[in-house]
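Input: a single structure, listed below in structure tokens.
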Amino acid sequence: MRLATWNVNSLAVRLPQVLDWLTANPVDALVLQETKLTDDKFPRAEIEAAGYAVQWFGQKTYNGVALLSREPAHDVTKNIFGFADEQARVIAGTVDGVRVIGAYFPNGQAPDSEKFTYKMAWLQALRDWVRSELAAHPRLVLMGDFNIAPEDRDVHDPVLWAGQIHCTPQEREHFRELIALGLVDAFRLFEQPPKSWSWWDYRNLAFRKNQGLRIDHILVSEALRPAVSACMIDKLPRKNERPSDHAPVVVELSTA
DNA sequence: ATGGCTAGGACCCCTAGA
């Protein structure tokens, strides 16, 4: 079983690239972030024609998430149970016996901003909810755009980024607290190329210079950990003509 | 060569992303 996450930065723009990517990478499930589409504009027919069932949850202009899967997802939920939120950031469903949570974590803008306060509250609510999801579904994957670079090795220039958004001690502590629920960063289960990033700024020729951050993650539960056989970032779509600023991350589970 | 962003919305500039 293969699962993937990709922040597409507008599905209206990126749909052809998503369909091309799925043809080359026929994963069992794919979660998308930043679809930036109201639900009535979601390209359901095109995705179903490509052989995927799909669930979506969006809003105008910002945010928006989707869950594509070969087998239809069931018990689909949207956003964080018990956390009132105007923003469409989370979609979850059970696919082939695995609880799949796709999330677009708040950006946070700057450590002294109101958006950072929202990010902290959102992270706290996410943790409490994921704890209960784990109790109900031991086979669980939490993946998406976390907007957190967990360690300095996930940052191209840790000095430049020290204390900046995505790299603050508070955000990194929240990441560790998620791990402490009984999750593991699938990417770090394997030897990886140094300077592995999942996002590169559109500006400053950042991709060409490989100046980026690893902020898109796949966390798997302890019950699934023995099944994880590979995890990689696919940089290829970042080389497309009109790319998203994020690359997909893929995990492979050797399910019995 | 020494490079300088993209998307959406309402508009020819602004917000937001990260």
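Just so it is clear, the model here is predicted, and its values are computed rather than measured. Lettering of chains follows the sequences in order, A, B, ..., and the numbering in each one begins at 1.
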Practice problem: Compare side-chain N and O positions of A:S10 against OP1 and OP2 of B:dT6 and report whether any pair is under 4.0 Å apart. | Solution: no
Self-check item: A:L19 reachable from A:W6 in the ILVMFWY side-chain graph, under 4.5 Å edges
Solution: yes
Exercise. Quote, to the nearest angstrom, the C1' distance that separates B:dT2 from B:dT6.
Key: 23 Å
Quiz prompt | Rounded P spacing from B:dA10 to B:dT15 in Å | solution = 15 Å
Quiz item: Does a side-chain heavy-atom distance below 4.5 Å link A:Q109 with A:I165?
Solution: no
Quiz item: If the C1' atom of B:dC12 is compared with that of B:dG8, how far apart are they to the nearest Å?
Solution: 14 Å
Quiz prompt | B:dG3 to B:dG9 separation - P atoms, rounded to the nearest Å | solution = 33 Å
Quiz prompt | Residues, nucleotides or ligands: over 12 heavy atoms within 6.0 Å of A:K209 NZ | solution = yes
Practice problem: Would you mind telling me which residue lines up with the more 5' stretch of DNA chain B, A:N204 or A:R14, judged by nearest nucleotide? | Solution: A:N204
Quiz item: Is there a donor-acceptor pair under 3.5 Å between the side chain of A:R99 and the backbone N or O of A:E133?
Solution: no
Quiz item: Nearest-Å distance, CD (A:Q211) to P (B:dG4)?
Solution: 15 Å
Quiz item: Is there a donor-acceptor contact under 3.5 Å linking the side chains of A:W197 and A:N210?
Solution: yes
Practice problem: Determine: side-chain N/O of A:R242 to OP1/OP2 of B:dC5, distance under 4.0 Å, yes or no. | Solution: no
Quiz prompt | Results of salt bridge (charged side-chain N to carboxylate O under 4.0 Å, His left out) for A:E177 - residues two or more places apart only | solution = A:R127
Just the atom pairs and distances: protein N or O near nucleotides 10-17 of chain B's N or O, under 3.5 Å.
{"residue": "B:dA16", "atom": "O5'", "partner": "A:K115", "partner atom": "NZ", "Å": "3.4"}

Self-check item: Atom pair distance, as rounded to whole Å: CG in A:L11 and P in B:dG8
Solution: 10 Å
Quiz item: Quick one: are A:V8 and A:W21 in side-chain contact, heavy atoms under 4.5 Å?
Solution: no
Quiz item: Separation of A:F146 atom CZ from B:dA18 atom C1', in whole Å?
Solution: 16 Å
Practice problem: Please report, rounded to the nearest Å, how far the P atom of B:dA7 is from the CG atom of A:L37. | Solution: 13 Å
Quiz item: B:dA18 and B:dA7: how far apart are their C1' atoms, nearest whole angstrom?
Solution: 14 Å
